[in-house]
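Note sheet for the following structure.
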Protein chains: 4
Amino acid sequence: MRKTPKQERSRQMIDTLIDATARCIIEKGLDFTTTSRIAELANVSVGSLYQYFSSKEALIEALMNNMASDIGKGLQRLPISETSTLRDLVTGAIHYGFTMLNSRNGLYLELARNWHRLPTDKVANALQQHFLELSRIYFLKYYREYPIENLEVRIFIIVNSTIFTMVRLISQENSMWREEDVENGLIEMILAYLQTKTTAA
Amino acid sequence: MRKTPKQERSRQMIDTLIDATARCIIEKGLDFTTTSRIAELANVSVGSLYQYFSSKEALIEALMNNMASDIGKGLQRLPISETSTLRDLVTGAIHYGFTMLNSRNGLYLELARNWHRLPTDKVANALQQHFLELSRIYFLKYYREYPIENLEVRIFIIVNSTIFTMVRLISQENSMWREEDVENGLIEMILAYLQTKTTAA
Amino acid sequence: MRKTPKQERSRQMIDTLIDATARCIIEKGLDFTTTSRIAELANVSVGSLYQYFSSKEALIEALMNNMASDIGKGLQRLPISETSTLRDLVTGAIHYGFTMLNSRNGLYLELARNWHRLPTDKVANALQQHFLELSRIYFLKYYREYPIENLEVRIFIIVNSTIFTMVRLISQENSMWREEDVENGLIEMILAYLQTKTTAA
Amino acid sequence: MRKTPKQERSRQMIDTLIDATARCIIEKGLDFTTTSRIAELANVSVGSLYQYFSSKEALIEALMNNMASDIGKGLQRLPISETSTLRDLVTGAIHYGFTMLNSRNGLYLELARNWHRLPTDKVANALQQHFLELSRIYFLKYYREYPIENLEVRIFIIVNSTIFTMVRLISQENSMWREEDVENGLIEMILAYLQTKTTAA
DNA sequence: AATGAATGAGACTTCATTCAT
DNA sequence: AATGAATGAAGTCTCATTCAT
C-alpha cells in the first residue's frame, strides 16, 4: 500500500524550506535572511514558500521548533549512569551545549545571538524545562540527602549564564580565552553554585 | 585665549546626535531607530547627521563608546572600603549591574539585547577590563593569601553570565522569578565560583 | 435512450462552479474572490476549474449570464393585469428592482457596484430589453392614445437611474434616507417622466 | 522677500504626483494604476511618492478631494440669472455634468465607474450638498409658491440617476443612443419630477 | 479528467544615504 | 555648513495560471 504521497511531498517541501532557512541564516546571517533568498536556496519559487508558511516569521518559528525538539532529543540522550557524579552530569551538559552551538555550522549560535528578535521563548523554556527535569531526577536519585533549594531559579541562572557565555566566546573572532578553559570554568562555577546552600533570604 | 567655537559646536552637535540616538532607541527600540527619526529628535537635518557621522553605524558606535565610558566611571565609584568582604564587593557589583540595565529607561537593556548587531566589543571589553582591575585590586589587597588562578577567564565567565541572566530576566514580561531571588542566586554563584580553586586541567 | 453522462457531469460542474463563484462574491466581495477560493467552495481543484472555464473572467461572465437570465425570468413573472395602472406597473418594477438587489445575499448588489470591471453589457442590455418589451406591451395595450416617443432612450435612462440610485442607497452604511422614501421618489420620477411629451429637440 | 521655497516645492511635488495619478488612471484605468507607474509618470522615485503620501490610498483620496473641490467650484460658476427658468437651471446642471465627465480625458468618468472602491463619500456628499443648496436658493427665490417637499431625497435621487446614466452612456463603446437625446431625456425627467407634488405617504 | 503544488510577475512600502540648493 | 527632498535597492507577500502526476 502506497504511502500518502501528498503529505510526503508536503513534509518534504516543509523540510526543504526550513533547511533552506537554516542554510540562509548560516550563510548570510539572520539580518540578510530574506524570503526570496530562502526560496532560491530551496530551489523553489517564493510562491511555494508562502504556500507552506504564512510568513517569514512562521518559517523561522518552525525552524526554532525544530531546534527545540532537536535539543530536547539530544538532552535525553545524555548518558547518566548510576556511577555518574554531579561533576559528570554537569560536564556532560556543558559539553553538550558547546557541541550544540558549534553544530550545524553555527546555526544555533546565530539564533542564540538574535534571541531577542526571535520566538525564543519556546526554545528557552524547553531548554530550561529539560534541565530542570534532568536535575530533579538526578538530585532525587543521588542527592536525596542534599535537597537543592530554589532549583528553578538556579536552573534559570545556570542555563542563561552558560548559553550566553558560550555564545560570546564562540562569537569572538580571535578569542583571548581557550574554549577548554571557559568550559572548565563554567563547570566549576555551576558545580560550586549547586553545592551552595541557600542563605536565608 | 578664545575657545575654538567650531570644535565646541561640533562637540555639542555630536553629543546632541548621540543623545537623540539614545532617546530613539529607548522610545522605539533598536529595530525602529532610523536615521531620520534620530535627526528629528536632535532637531537637526539628516544631512547634518551625516556631516558628523559617516553612517548610522558610526553613530551607534559612538553611543556604545559613551556607554562604555559611563559604565567604567560608575564602576570606579563602587565603594570598596577596608572592611568590605568579598560578598560585599560582589553584591555591590551585581547591584550595579541591575541598576545599569534599568537605568536610562532601559537603553542599556535594549543595547544588551541586541549586542550581536552592535559594536559590542568595546563595551564588553571595557566592562571586563574594569572588573578585572577591580578584582585584581581587591584580591591583591585582601586576599593575598588566596591568589585567584585564571582570573581573566573567571571574570569573562562571570561578567557574561551576569549580564545575560539579568537581561533575560528583565526582558520577560511576567517573569516567573523574582528579581531579588535571581540577584541573590547570582551573588551566591559568583561567590562560590570565586572561592573555588582551579582543578588541575 | 441514455442521457449523455459527460455533458450531465459537465453541466453540473459548471453550475457548481458558478454557484461557488456567487457564494464567494457574497461572502468576500468581488475584490477578494480568488480562483482558489472559488475552487475550494466548489469542493473542486483549481485545475478542474480551469478545465471548465478558461479564465476567472470566463467564470464571472457565466455568472453574469445566469444573472441576466434570472432577471429576465423574474421580469416576465411581473403581474400585469388588465386593471393595472401605469403606477401599478412602475411600482411593481421598482419593487422588483429592490427585491433583486437585496436577493441572494447581496450578490447582485455587489455585481452592480462593480459593473465597470465586469462584462455587464449582457445583463444591462437584457434588463433594458426586458423593460422595453414590458413597456411596449403595456403602452400598446392601454395607452394607445399616448404613444410614448423615444421609448428606448427613456427606458435606458430610467433603468440606469433606478439601478444606481438603489445601489447607492443600499450601499450606504447609515443612509440618511429611508428606503421607502427613495422608492416612492423613484416611482414618482419615473411616472412623471413617462407622462411627459417629448419637447421638440 | 522670497516666497518660502520649501512649501512651493512641496506643493508642486504634491500636485505633480496627483496629476501623475490622474494621468495613470486615465491611461491605464484604476486597476492598473500602481504606485511605481505613478512615480514613473511623475518622473520621480517611488520613495518621493511615499514622502508626500503615506499610501496609494492617500494619494487617490487627495485626487478625489481635488475633484470634489473642482466640481464645487464649477457648480458655483453655473450662471443663474433672475430670468433663469427651472428648465434653464436643470439644463445647465446636466450640461455641467456631461462636461465634467468628459473633461480631463475621462478621469472623472473612470473615478465614477469605480466609486465603490474609492473614498467616494466626500465627493458624492459634496455634489449632493452643492445641488441641494443650488436648488434651495432657486426654489426660495423663484418658487416660493411651490415649496418642494422632500428636497433632500429628490436631490439624492436626481444626482445619482443623472451621474450613472451619464457614466453608463459615456462608457459604452458604440452607444445606441445619442448623447443629446439622453441629455434631453434627463432634463425632462428631472423637470417632471421636480414639478411633482409628493403624494401622501 | 482531476489534482493541487508550483510558478513568478508584480504590488506596496521602507530607509540609509546622497546632493543640489 | 546645513538642509531635507530625492533616490532606488530591497523586502514581504498575493494570486491567476500551468503542468507533472
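All figures in this text were calculated on a predicted structure; none of them were measured in a lab. In what follows, every chain begins at residue 1, and chains take the letters A, B, ... in the order their sequences are listed.
Straight-line distance from the CG atom of A:L49 to the P atom of E:dG8: 14 Å, rounded to whole Å. Taking atom CG on D:L30 and atom P on E:dC12, their separation rounds to 11 Å, with Å as the unit. In this structure, A:E40 places its CD atom 18 Å from P of E:dA6, rounding to the nearest Å. Counting to the nearest Å, the C1' atom of E:dA11 and the CZ atom of D:R117 are 14 Å from each other. One atom, CE of B:M13, and another, P of F:dA1, lie 12 Å apart when rounded to the nearest Å. Taking atom CD of residue B:Q12 and atom P of nucleotide F:dA1, one finds them 14 Å apart after rounding to whole Å. Whole-Å rounding puts the A:Q51 CD to E:dT7 P distance at 10 Å. If you measure from atom CG of B:L17 to atom P of F:dA1, you get 14 Å, rounded to the nearest angstrom.
Put simply, B:S45 has a side-chain N or O that comes within less than 4.0 Å of OP1 or OP2 on F:dT3.
For the pair D:L59/D:I38, a side-chain contact is recorded, criterion being any heavy-atom separation below 4.5 Å from C-beta on. Under the 4.5 Å side-chain criterion, counting only non-hydrogen atoms from C-beta, D:V167 is in contact with C:W115.
Screening residues 26-36 of chain B for salt bridge (charged side-chain N to carboxylate O under 4.0 Å, His left out) gives B:D31-B:R117 as the qualifying pairs, with residues at least two apart or on separate chains.
Counting heavy atoms of neighbouring residues, nucleotides and ligands inside a 6.0 Å radius, atom CD of A:Q172 exceeds 12 of them.
Between the side chains of D:E110 and D:N114, a donor-acceptor pair is found at a separation under 3.5 Å.
The side chain to side chain contact (heavy atoms under 4.5 Å, CB included) check on C:N105 picks up C:I26, with sequence neighbours excluded.
Taking every side-chain heavy atom of D:Y52 into account, F:dA5 is the closest of F:dA5, F:dA1, E:dA6.
Remark: E:dT21 base-pairs with F:dA2. Criterion, Watson-Crick or G-U wobble with two distances under 3.5 Å. Nucleotide F:dC13 is matched to E:dG10 when pairs are restricted to Watson-Crick or G-U wobble geometry with both distances under 3.5 angstrom.
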Completion exercise
A correct 5'-to-3' footprint of nucleotides 12-18 of chain F, with B, S and - meaning base, sugar-phosphate only and no protein heavy atom under 4.0 Å, is SBBBBBB

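Under a 3.5 Å cut-off, the side chain of B:D19 and the backbone N or O of B:D15 do not form any donor-acceptor pair.
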